[in-house]
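Step one of this worksheet: look at the structure below.
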Amino acid sequence: MIKKLLAQNARQFEDVIRDFLTENNPLSAQLQEAMNYACLDGGKRFRPFLTKQVAKLFGGDENIALKAALAIEFIHCYSLVHDDLPAMDDDDLRRGKATVHKKYDEATAILTGDALQSLAFMLLSSPDLAVDAQGKLKLINALSNAAGHKGMVLGQMLDIAAEKADSLSLSEVENIQRFKTGALIACAAQFGAIIGQATEEQEQNICNWALLLGEAFQITDDLLDHFGNSQKMGKRLQKDDEKGKVTFVSLLGADGARQRLDDLKLSAEQSLATFGEKADILRQLWDWLIRREH
Ligand code: GRG
C-alpha cells in the first residue's frame with residue numbers, strides 16, 4: 001500500500017513541480033531547461049510525502065502542504081546538482097540520467113543550483129501560498145536553518161573535511177549525517193507540523209522522529225552504496241569504499257549497521273507513540289525507506 005501511495009504522490013508532485021516551473025519562465029531558455037532537468041523526471045519524492053502526511057496528521061491542508069514542500073524539494077535538487085559537481089563528489093550519473101554539469105556545463109549547474117535555492121524562498125514568501133504571514137515566516141525560518149550553515153551546507157563542509165581525517169568516531173559520523181541529510185528531512189516534517197498548526201510539543205516530537213528517520217535513511221544509503229545495484233539506484237555506487245570514507249557501515253560493519261536500524265526504530269516509536277494509529281502511514285514510510293533497493 002505504501003509503495004502505491006508513494007508512487008501516486010511522486011506522480012502528483014511531478015505535476016506540481018512542472019506547473020510551478022512553467023509559471024516561472026525566465027529569459028534564459030538554457031537556465032529554465034536545466035532547472036526543469038534537475039527537478040523533473042526522477043526522485044522518490046519522500047520529503048514532500050512526509051510533509052503532506054504530517055500536515056494531514058495535524059488536520060492541515062494537503063494541497064498547501066505539497067505546495068510548500070516544493071520549496072524543500074527545490075533545495076534538495078539544488079544540493080544534488082552541486083554535490084555532483086567535480087569540486088564535490090564529481091558524479092556523472094544521478095537519478096539514472098547524466099548529471100546537470102555533464103548534460104550542460106559546470107557554470108550552468110552552479111547557476112541552476114543557485115536559482116533553485118532562491119526559488120524555494122520566493123515560493124514560500126509568495127502571496128500565492130495560502131499560509132498566513134506568521135506561518136510563512138516559520139516556514140522560511142525552518143528551511144533557511146535546515147539548508148544553510150547550521151544545517152545541510154555545514155554537513156557538506158564537515159563531510160568534505162572528514163575525507164581528509166585519519167579516523168572518525170561514531171558520534172562524528174552521526175553529526176555529519178544529522179546536518180547533511182537529517183536537517184532537511186526533519187524540516188520536511190516540521191513543514192507539515194507548521195501547516196497543520198501543531199503545538200510546539202507535537203512539532204518537537206515529529207521533528208525528533210524525522211531526525212531518527214534521517215539517520216535510518218543514511219544508514220540504508222550507506223548499505224546500498226556498499227551492496228546495492230547501481231542500475232536500480234540510478235547512480236554510481238561503492239564510492240564510499242573507493243574513497244576510503246568512514247560511514248556507518250565501515251564503522252559498525254553491515255550487521256552492526258542493521259542492528260542500529262532496529263535500535264533506531266525502537267526509539268522512533270517512542271516519538272510517534274502519542275499519535276497512535278493515526279501515524280501508521282509514517283511507520284510504513286520508515287519501513288519502506290529502510291527496505292528500499294534504490
Ligand atoms: C552541495 C550544499 C550541498 C549539499 C549537499 C544532501 C547533500 C548535501 C548531498 C546529497 C548527496 C547525497 C547523495 C547525500 C546523501 C543523502 C542522499 C542519499 C540524498 C539523496 O536523496 P534521495 O535518495 O534522492 O531522496 P532522490 O533522487 O530520491 O530525490
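Just the heavy atoms: all of them, side chains too, but no hydrogens, waters or symmetry mates, feed the values below. We count ligands from 1, going down the list as the structure has it; atoms in each ligand are counted the same way.
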field: Heavy-atom closest pair, residues I185 and L50
entry: O-CD2, 3.6 Å
message: Looking only at distances, can you tell me whether any N or O atom of R47, backbone or side chain, sits closer than 3.5 Å to an N or O atom of ligand 1?
response: yes
- prompt: Which is it for L80 and ligand 1 at heavy atoms under 4.0 Å: side chain, backbone, both or neither?
  reply: side chain
- prompt: Hey, does R95 come in under 3.5 Å of ligand 1, counting only N/O atoms on both sides?
  reply: yes
query: What atoms in ligand 1 come closer than 4.0 Å to a heavy atom of F46?
result: 25 (O)
task: Check the side chains of D222 and Q218 for a donor-acceptor pair under 3.5 angstrom, ignoring hydrogens and angles.
output: yes
query: With sequence neighbours left out, what residues match K180 under salt bridge (charged side-chain N to carboxylate O under 4.0 Å, His left out)?
result: D159
- request: Considering only NZ, NE, NH1 and NH2 on the basic side and carboxylate oxygens on the acidic side, decide whether D262 and K265 come within less than 4.0 Å.
  value: no
task: Would you indicate which of R45, H76, R94 comes nearest to atom 29 (O) of ligand 1 when only heavy atoms are counted?
output: H76
- prompt: Would you say the side-chain atoms of N36 and Q32 include a donor-acceptor pair closer than 3.5 Å?
  reply: yes
Show me the side-chain donor-acceptor pairs of residues 189-199 shorter than 3.5 Å, one per line, residues at least two apart or across chains.
from	atom 1	to	atom 2	distance (Å)
Q190	NE2	E203	OE2	3.0
T199	OG1	Q202	N	3.1
T199	OG1	Q202	OE1	3.3

field: Under 4.0 Å to a heavy atom of G43 - the qualifying atoms of ligand 1, by number
entry: 26 (P), 27 (O), 28 (O), 29 (O)
message: Suppose I only count heavy atoms of H82 and a 4.0 Å limit; which atoms of ligand 1 are within that range?
response: 1 (C)
query: Which atoms from ligand 1 have a heavy atom of Y78 less than 4.0 Å away?
result: 2 (C)
task: Please work out whether any backbone atom (N, CA, C, O) or any side-chain heavy atom from C-beta onward of T181 is under 4.0 Å from ligand 1, and answer side chain, backbone, both or neither.
output: side chain
query: Between W286 and W209, what is the ring plane arrangement, given parallel below 30°, perpendicular above 60°, and tilted in between?
result: tilted
message: Give the atom numbers and elements of ligand 1 that come within less than 4.0 Å of a heavy atom of D221.
response: 18 (C)
- prompt: Can you list the ligand 1 atoms lying under 4.0 Å from a non-hydrogen atom of S79?
  reply: 1 (C), 4 (C), 5 (C), 6 (C), 7 (C)
field: Audit row: D263, R260, salt bridge (Lys or Arg N to Asp or Glu O under 4.0 Å) steps and yes/no
entry: CA-CA 5 Å; D263 297 344; R260 193 168 173 90; over 6 Å; no
- request: For F217, take its heavy atoms, then give the atoms of ligand 1 lying under 4.0 Å from any of them.
  value: 17 (C), 18 (C), 21 (O), 22 (P), 23 (O), 25 (O)
